Visitor: 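Please see the structure below; I have some questions.
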Protein chains: 2
Amino acid sequence: MPGKRIYFFEEGNKDMKDLLGGKGANLAEMKRIGLPVPEGFTIITKICLDYVKTGKWPDGLKEEVTQAMHELEKRTGKKFGDRNNPLLVSVRSGAPVSMPGMMDTILNLGLNDESVEGLAEQTGNPRFAYDAYRRFIQMFGNVVKGIPHEEFEDILNKYKKEEGVHFDHELSVDALKKIIQEYKDLYKEETGEEFPQDAWKQLEMAIEAVWKSWNNPRAIVYRKANNIPDDMGTAVNIVQMVFGNMGNDSGTGVAFTRNPSTGEKKLYGEFLINAQGEDVVAGIRTPKHIDELEKEMPEIAKQLKELAELLEKHYRDMQDIEFTVEKGKLYLLQTRTGKRTPQAAVKIAVDMVKEGLITKEEAILRVDPNSLDKLLHPRIDYSSNPEVIAKGLPASPGAAVGKVVFNPDEAKELGDAGEKVILVRPETTPDDIHGVIASQGVLTSRGGMTSHAAVVCRGMGKPAVVGCSDIYIDLEHETFRVGDIMVRKGDIITIDGSTGNVILGEAQVVEPEISGEFKELLDWANEFKRLKVKTNADLPGDAKVAREFGAEGIGLCRTEHMFLGSDRLPIVQEMILATDDEERRRALEKLLERQRQDFIELLEVMDGLPVTIRLLDPPLHEFLPDLTELEVKLTELKLTQGDPEEIRKLEKLLEKVKELKEANPMLGHRGCRLGITMPELYRMQTRAILEAAIELKKKGKDPRPEIEIPLVAFVEELQYLKKDILDEAEKVFAEKSIRMDVKIGTMIELPRAALIAGDLAKEANFFSFGTNDLTQTTLGFSRDDAGRFIRSYMELGILKFDPFQTIDQDGVGKLMKMCLEDGKRANPELEVGICGEQGGEPKSVEFCHRIGLDYVSCSPYRVPIARLAAAQAAIREKRR
Amino acid sequence: MPGKRIYFFEEGNKDMKDLLGGKGANLAEMKRIGLPVPEGFTIITKICLDYVKTGKWPDGLKEEVTQAMHELEKRTGKKFGDRNNPLLVSVRSGAPVSMPGMMDTILNLGLNDESVEGLAEQTGNPRFAYDAYRRFIQMFGNVVKGIPHEEFEDILNKYKKEEGVHFDHELSVDALKKIIQEYKDLYKEETGEEFPQDAWKQLEMAIEAVWKSWNNPRAIVYRKANNIPDDMGTAVNIVQMVFGNMGNDSGTGVAFTRNPSTGEKKLYGEFLINAQGEDVVAGIRTPKHIDELEKEMPEIAKQLKELAELLEKHYRDMQDIEFTVEKGKLYLLQTRTGKRTPQAAVKIAVDMVKEGLITKEEAILRVDPNSLDKLLHPRIDYSSNPEVIAKGLPASPGAAVGKVVFNPDEAKELGDAGEKVILVRPETTPDDIHGVIASQGVLTSRGGMTSHAAVVCRGMGKPAVVGCSDIYIDLEHETFRVGDIMVRKGDIITIDGSTGNVILGEAQVVEPEISGEFKELLDWANEFKRLKVKTNADLPGDAKVAREFGAEGIGLCRTEHMFLGSDRLPIVQEMILATDDEERRRALEKLLERQRQDFIELLEVMDGLPVTIRLLDPPLHEFLPDLTELEVKLTELKLTQGDPEEIRKLEKLLEKVKELKEANPMLGHRGCRLGITMPELYRMQTRAILEAAIELKKKGKDPRPEIEIPLVAFVEELQYLKKDILDEAEKVFAEKSIRMDVKIGTMIELPRAALIAGDLAKEANFFSFGTNDLTQTTLGFSRDDAGRFIRSYMELGILKFDPFQTIDQDGVGKLMKMCLEDGKRANPELEVGICGEQGGEPKSVEFCHRIGLDYVSCSPYRVPIARLAAAQAAIREKRR
């Protein structure tokens with residue numbers, strides 16, 4: 001004995017989405033609270049799955065539908081399939097989760113060659129009746145039989161041309177009749193069957209078509225992309241037709257209860273007089289702004305406004321409403337939570353708290369943290385239709401416009417001279433940093449979301465598009481090519497780091513506005529979040545931005561960026577190439593001067609907040625020229641009888657470059673390994689940090705540096721360096737006659753470090769998960785190289801997400817959890833955070849909250865996102 | 001109330017080593033079983049630690065020593081410090097664990113200016129008495145006061161010269177008296193004190209010196225190197241002196257109960273008539289072979305033989321005995337388990353089982369598996385004093401002699417022509433494989449124990465010395481330099497892959513002998529071991545060797561080696577450079593032919609045993625030329641107006657090389673990532689494997705291939721490829737009308753794979769730990785680059801072992817254990833093994849046994865080692 005399979009609208013409510021689908025449940029809810037909704041009923045979602053599986057109607061269901069139709073006839077006083085007073089219905093899909101436009105709907109069902117005449121007589125509007133019939137055949141043919149729209153449109157256009165008219169509704173009845181005949185001929189030709197004249201047959205076929213549409217290719221793709229399970233099914237809604245195209249006392253429209261672009265509390269939308277819903281969407285006639293409804297249908301406008309307010313109060317969220325006016329009577333055909341821009345989302349959430357509609361917690365949960373990114377960067381106004389020529393990875397959000405430059409030196413030169421340039425490179429290296437700094441943005445043809453260009457630009461809040469494999473760069477001729485388009489040095493392009501788009505010419509750019517509501521929402525976030533949010537910043541400017549965005553300290557200051565300025569690199573090279581200790585000592589002395597100044601500035605900006613400074617991490621060869629370039633240059637010099645002095649110099653350099661060359665630099669002689677084998681380096685950095693802090697302390701400031709050791713795998717490494725650092729600290733304290741606390745911690749960026757966390761914790765004040773490197777080593781993915789196969793993996797469904805953007809919870813996350821537990825058990829005072837790229841990504845923030853981290857640290861522009869995500873995580877946890 | 005601190009020899013036994021030290025316990029044991037041991041007593045080890053800590057004698061101990069000395073006086077009928085009948089003693093160190101030569105010993109203690117005269121009178125041998133006194137002063141001065149030996153030797157030599165004599169014992173009494181005076185003057189000059197004349201004072205100072213010697217630098221270093229704890233301490237043995245230098249009825253010697261070189265069951269050793277023990281060691285007089293003792297002292301010889309047999313039966317192991325004959329009476333001064341060569345160890349162990357002395361288990365435990373390595377390779381006879389010019393890492397054991405060649409092509413040419421060559425390269429790459437194959441051995445100046453050269457050579461059982469940073473290779477001029485020595489192409493060198501030595505010229509090489517006892521021992525090992533032992537072999541020849549050594553299958557066949565032959569590489573490059581599918585298909589077709597033949601040969605050799613075949617693993621760029629070399633070549637060609645056709649060809653190649661170039665190939669587009677993005681590759685290999693197996697099956701053979709997927713990190717990868725492989729298998733089965741079982745497994749070589757083992761196990765028939773890569777990723781150590789800092793780390797004590805040779809149990813091992821447990825829980829049928837380099841290293845084998853692996857797989861020449869180690873692990877486990 002099957003359970004209840006058909007619900008009339010008044011039998012359901014908004015919480016029955018799983019059973020009735022979203023549309024059905026909302027129609028039921030509106031009916032339940034007394035709103036003007038057409039009569040109708042819903043076939044529950046489960047039936048769809050049964051049908052898809054068996055290809056057959058469940059036993060007895062056809063009879064139940066017939067019965068329900070008879071009830072509908074009774075309620076409407078019309079008769080289904082009748083010539084004189086025909087009941088017309090729409091058959092609409094509606095899944096539990098909104099899948100806009102993915103599945104099918106058929107309108108005007110119940111019309112046939114006879115009832116169309118009855119409708120014409122009854123309404124006194126033959127044009128309306130024949131147009132409705134025409135639309136019905138077209139929709140039915142397309143949805144049920146898969147006949148391409150274009151074939152119908154070709155016929156329609158032929159007659160529009162013949163009659164010299166522009167809009168459908170200008171066609172004569174005569175033309176419409178001819179069109180109907182040709183439509184029916186087309187139908188027969190394509191299907192081998194006559195167009196069904198039996199309304200009951202039409203209904204049966206339409207219902208089946210909706211069920212089948214659950215598994216049409218675009219629906220499957222959409223579900224996959226949006227993580228919607230395949231075993232939900234769609235409900236089928238059979239709704240009495242109401243017509244907005246019955247004359248000038250009729251109309252149809254869409255209304256948002258608040259402005260979905262700005263969030264302003266004012267009805268927003270569009271309508272068309274004498275039109276059916278699809279006309280608004282189709283964009284053939286230009287709809288009017290909802291404000292004008294007051295002039296054209298004042299009573300309806302008033303009623304709509306009241307209903308909108310009622311709906312919003314009822315649903316406690318901004319609603320997106322479809323309405324139709326049939327001969328002066330308003331019907332609501334659908335309501336759902338309205339999509340909105342990030343700005344609007346923030347404003348609406350905050351306003352609704354103030355209106356007492358929702359709580360602060362709810363407001364926080366209403367805003368998607370990811371969407372905030374768009375609020376924090378200049379963005380491109382796509383309404384101006386810019387010419388997008390290629391698409392790469394959206395590596396660092398924001399829009400940038402400038403002249404194409406291929407050479408980093410030239411970028412610096414032009415940039416320093418005030419020109420706006422975009423640096424275009426196959427990929428960037430630390431050698432190019434001066435060019436990156438001087439540019440508005442960076443475009444690379446290689447590398448992934450965590451390639452050098454991506455990481456550096458995100459850190460600086462500078463737009464970047466990377467791994468744009470569509471473009472072919474010819475460095476020699478200073479051009480790049482996309483298909484047939486050739487872009488030359490000096491040409492202007494725009495890059496959109498939020499979408500990955502590369503645009504030819506100067507696109508319209510919109511500057512970001514950080515509204516009062518945004519600030520307010522973030523303040524509330526702080527009331528709820530448990531995680532601290534710090535920032536990854538190497539430069540005082542970045543640190544300042546981050547502090548303004550609410551950063552509670554620096555979680556990662558990468559000192560290598562301080563080794564790369566054009567005033568530093570030569571000294572670093574001097575140190576590397578030094579042939580005796582004295583030479584090396586002199587170079588280190590010079591670096592010490594500069595490092596100290598760097599730290600003074602950084603610690604001053606972050607006064608009173610913790611600043612975690614990571615000692616030098618990259619391998620030394622990163623500071624030297626590229627081997628291949630050097631070899632080529634030498635070959636050239638030799639073959640062209642170049643300056644012997646220069647040849648000798650380059651040969652010496654080459655020898656060192658070869659000596660330091662590594663097969664896999666990521667797993668090479670870097671991090672603490674360098675600190676241990678070249679102890680004077682970390683001692684110099686320790687001294688620079690402490691001397692800087694002491695100088696500020698003497699000025700009455702409150703500097704809080706913490707020293708972090710990178711790439712630790714063995715507890716013995718940590719012990720060894722800790723002793724070295726503390727020894728150097730004692731020397732500095734003795735010289736300056738002042739002491740301070742020295743906190744020493746370690747990066748956890750190698751699986752082994754996570755595995756021996758208990759031992760490490762006994763030696764450390766803090767752990768910081770370097771999830772970029774930890775992901776590289778745990779997954780065996782080189783972030784510089786993985787772009788190629790990660791994309792294939794995502795297309796094949798092997799990867800559901802990019803593990804360099806979102807923490808791989810099953811792998812890396814499992815290690816993190818083990819590490820955290822072992823670490824805190826061994827040392828309850830241990831502070832544990834994350835400073836990898838994922839630290840600013842909402843899902844990852846939620847994970848960090850759940851496993852019990854103390855803080856996340858992310859690039860300055862992601863601090864607000866992380867704050868909101870942290871608050872959401874805390875609120876969700878409380879609710880569970 | 002302190003416990004017993006002094007034990008007379010008869011109070012102890014051989015099991016009291018912790019308390020009495022090794023020497024004391026063995027002296028006690030000998031005494032206990034009635035052997036002729038001089039009288040004496042032992043101060044227990046713990047006292048040493050007390051003294052080292054406090055710098056003071058424990059309360060009451062001095063009195064106890066005095067009492068024990070009086071007892072000794074009573075037993076010997078002599079008096080300590082007496083002029084006429086002086087008791088002389090030796091004061092000897094003796095730790096619980098043998099630390100040969102690390103700590104101090106003083107002989108003839110008790111002599112002074114007066115008692116020396118008494119001794120002369122008493123023995124009627126003034127020369128003996130004054131020589132004894134001289135020796136005592138020299139030893140005491142050196143051991144107690146640190147006066148350098150050389151200063152005493154200078155005085156001694158002066159008089160030898162003066163008297164025109166060659167040996168000490170030829171000096172006149174007069175000269176000896178003068179020497180004694182000069183010795184005492186030297187003592188005073190160096191210490192500011194008179195040489196102590198009070199025997200009790202001498203004793204006190206000597207005991208203290210022995211205690212202090214526990215912490216002398218060489219003892220500390222020795223303990224560290226041999227993992228001996230610092231908190232054992234040394235016992236002090238006070239032993240009545242017996243003299244072998246009292247005339248021609250006296251003598252001294254060392255005897256092994258069996259031949260320590262060959263294991264032959266026959267007394268072996270040396271003796272000197274009229275000499276003290278140190279004279280045998282010092283090598284000034286040439287000792288005689290023990291066989292001659294029969295002629296010179298037939299009674300003593302007979303007694304010694306009997307005692308030796310008794311001792312061996314008692315200790316149930318070959319003994320190393322020190323003996324002294326004083327005036328016709330035999331004394332045993334020490335017995336200990338004798339050191340022996342690997343051959344001897346094997347023979348003695350097997351013989352003793354046959355003699356019923358020990359059990360098979362004991363025999364197995366008696367042989368150090370590591371030492372077997374030496375039995376399996378030709379080795380250098382260092383007694384011929386070859387000229388060692390440099391030392392690198394002992395990467396692949398064995399000795400090889402040949403002409404130096406720098407170019408792999410030339411190596412192949414000469415090698416094919418029958419010349420013996422040694423390939424010398426900075427490092428090798430897969431491109432050089434033909435040169436490696438054609439050489440006797442390989443010497444590289446870079447790379448670690450798991451560099452390409454090392455891995456490939458070990459796999460082939462070919463000697464290799466790698467990472468020999470002492471040598472500077474000049475490829476251009478085809479020379480290498482070590483210090484001042486210049487070695488040119490064509491010069492002959494010898495390399496010793498067992499020690500890392502590089503020898504100028506042709507050294508004497510000893511060929512390996514695998515004795516019957518060796519085979520017997522390994523057969524016994526099979527009776528006890530639980531682990532299966534498979535081999536890593538890619539070529540039929542290697543597989544054959546391994547099978548002869550007892551391999552129970554192939555645990556890892558690396559198919560990439562099949563892509564590298566000179567008949568393959570061009571086809572592989574054709575495939576990579578293919579611009580359309582058809583071209584690629586053709587190349588794959590050609591490879592299929594060859595791969596099939598490879599597998600037929602391999603499966604035939606391993607008929608009836610499982611053969612795990614790993615699908616292609618390395619990134620494609622490994623099959624293309626080096627970027628730098630290519631760029632240089634192109635630059636040259638362009639600058640010298642080279643052939644335009646060739647330039648075009650190279651430019652095309654360069655484009656591909658650049659496209660495929662990776663920053664970290666180890667973490668790049670390789671392994672299953674390649675299999676997924678280039679599916680035709682694995683399909684071809686699957687087909688080759690199955691077609692080969694079917695062909696053999698049709699011939700009545702029993703081929704057992706298993707297909708292994710490399711570098712899996714996600715279960716989705718395994719699922720995806722498994723489906724692909726099974727699809728291809730079905731095609732082959734349909735074509736050939738024959739079916740067979742297809743076992744599919746995965747390498748576990750990334751931390752993530754170990755972390756999600758439960759999921760993987762559900763999809764796999766077997767897991768194989770690729771501990772080379774798993775170590776690289778878990779520790780973040782690139783095996784190609786880590787050599788540099790691993791060496792520093794071991795010197796600094798940060799690393800206790802090379803994790804590429806011995807499994808890092810705390811890190812990698814922890815992951816392995818988790819993985820194994822999760823895997824077996826999810827799939828109890830799962831077979832789990834290891835195929836990394838460590839699979840043949842005894843400590844690692846023991847670990848693999850302990851955590852419950854099913855098999856280890858190692859290079860052919862390590863199979864016997866692994867078998868023995870596996871048996872030892874099983875026996876030790878049973879005993880616990």
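These figures come from a predicted structure and were not determined experimentally.
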Visitor: Inspect the surroundings of CZ in F801(B) and state if more than 12 heavy atoms from other residues, nucleotides or ligands are less than 6.0 Å away.
Guide: yes

Visitor: Could you tell me which portion of D759(A) (side chain, backbone, both or neither) has an atom closer than 4.5 angstrom to a non-hydrogen atom of chain B?
Guide: neither

Visitor: Are E662(B) and R788(A) close enough that some pair of their side-chain heavy atoms sits under 4.5 Å apart?
Guide: yes

Visitor: Does any backbone or side-chain atom of E795(A) lie under 4.5 Å from a heavy atom of chain B? Answer side chain, backbone, both or neither.
Guide: neither

Visitor: For chain A, which of P751(B), A786(B), G797(B) has the most heavy-atom pairs under 4.5 Å?
Guide: P751(B)

Visitor: Over 60° means perpendicular and under 30° means parallel, so classify the ring planes of F781(B) and F714(A), tilted if in between.
Guide: tilted

Visitor: With a cut-off of 3.5 Å and sequence neighbours excluded, list every side-chain donor-acceptor pair involving residues 813-822 of chain A.
Guide:
from: K814(A); atom 1: NZ; to: L755(B); atom 2: O; distance (Å): 2.7
from: K817(A); atom 1: NZ; to: E821(A); atom 2: OE2; distance (Å): 3.4
from: D822(A); atom 1: OD1; to: R825(A); atom 2: NH1; distance (Å): 3.3

Visitor: Below 4.5 Å, heavy-atom pairs only: which of E749(A), Q776(A), R446(A), K638(A) has the largest tally toward chain B?
Guide: R446(A)

Visitor: Between L750(B), T640(B), V632(B), T778(B), which has the largest tally of heavy atom pairs under 4.5 Å with chain A?
Guide: T778(B)

Visitor: Go through L711(B), V812(B), I756(B), I798(B) and name the one with the most non-hydrogen pairs under 4.5 angstrom from chain A.
Guide: I798(B)

Visitor: Using modelled atom types only, decide if a donor and an acceptor are shared between the side chain of D784(B) and the backbone of A663(A) within a distance under 3.5 Å.
Guide: no

Visitor: Nearest 0.5 Å please: distance from the CD atom of E717(A) over to the CG atom of L796(B).
Guide: 10.5 Å

Visitor: Which one wins on heavy-atom pair count under 4.5 Å against chain B: V715(A), L799(A), T635(A)?
Guide: T635(A)

Visitor: Do the non-hydrogen side-chain atoms of R752(B) and D810(A) ever get within less than 4.5 Å of each other?
Guide: yes

Visitor: Would you give the length of the straight line joining atom CG of D626(A) to atom CD of E631(B), rounded to the nearest 0.5 angstrom?
Guide: 9.0 Å

Visitor: Just so I understand: if I count every heavy-atom pair under 4.5 Å between each of A753(B), S782(B), G811(B) and chain A, which residue has the most?
Guide: S782(B)

Visitor: For residues 666-676 of chain A, run the donor-acceptor check on the side chains, cut-off 3.5 Å, and write out each pair with its distance to 0.1 Å, sequence neighbours left out.
Guide:
from: H669(A); atom 1: NE2; to: T677(A); atom 2: OG1; distance (Å): 2.8
from: R670(A); atom 1: NH1; to: M666(A); atom 2: O; distance (Å): 2.9
from: R670(A); atom 1: NH1; to: D773(A); atom 2: OD2; distance (Å): 3.4
from: R670(A); atom 1: NH2; to: D617(A); atom 2: OD1; distance (Å): 3.1
from: R670(A); atom 1: NH2; to: D617(A); atom 2: OD2; distance (Å): 2.8
from: R670(A); atom 1: NH2; to: D773(A); atom 2: OD2; distance (Å): 2.9
from: R673(A); atom 1: NH1; to: G668(A); atom 2: O; distance (Å): 2.9
from: R673(A); atom 1: NH1; to: G780(B); atom 2: O; distance (Å): 2.6
from: R673(A); atom 1: NH2; to: L779(B); atom 2: O; distance (Å): 2.9
from: R673(A); atom 1: NH2; to: G780(B); atom 2: O; distance (Å): 2.9

Visitor: Tell me whether the count of non-hydrogen atoms from other residues, nucleotides or ligands lying under 6.0 Å of CD in E651(B) goes above 12.
Guide: yes

Visitor: Among the options K661(A), K658(A), E629(A), pick out the one with the most heavy-atom pairs lying under 4.5 Å from chain B.
Guide: K661(A)

Visitor: For the residue pair P665(B) and N664(A), establish whether any side-chain heavy-atom pair is separated by less than 4.5 Å.
Guide: yes

Visitor: What is the distance from atom CG of L639(B) to atom CG of L639(A), rounded to the nearest 0.5 Å?
Guide: 5.5 Å

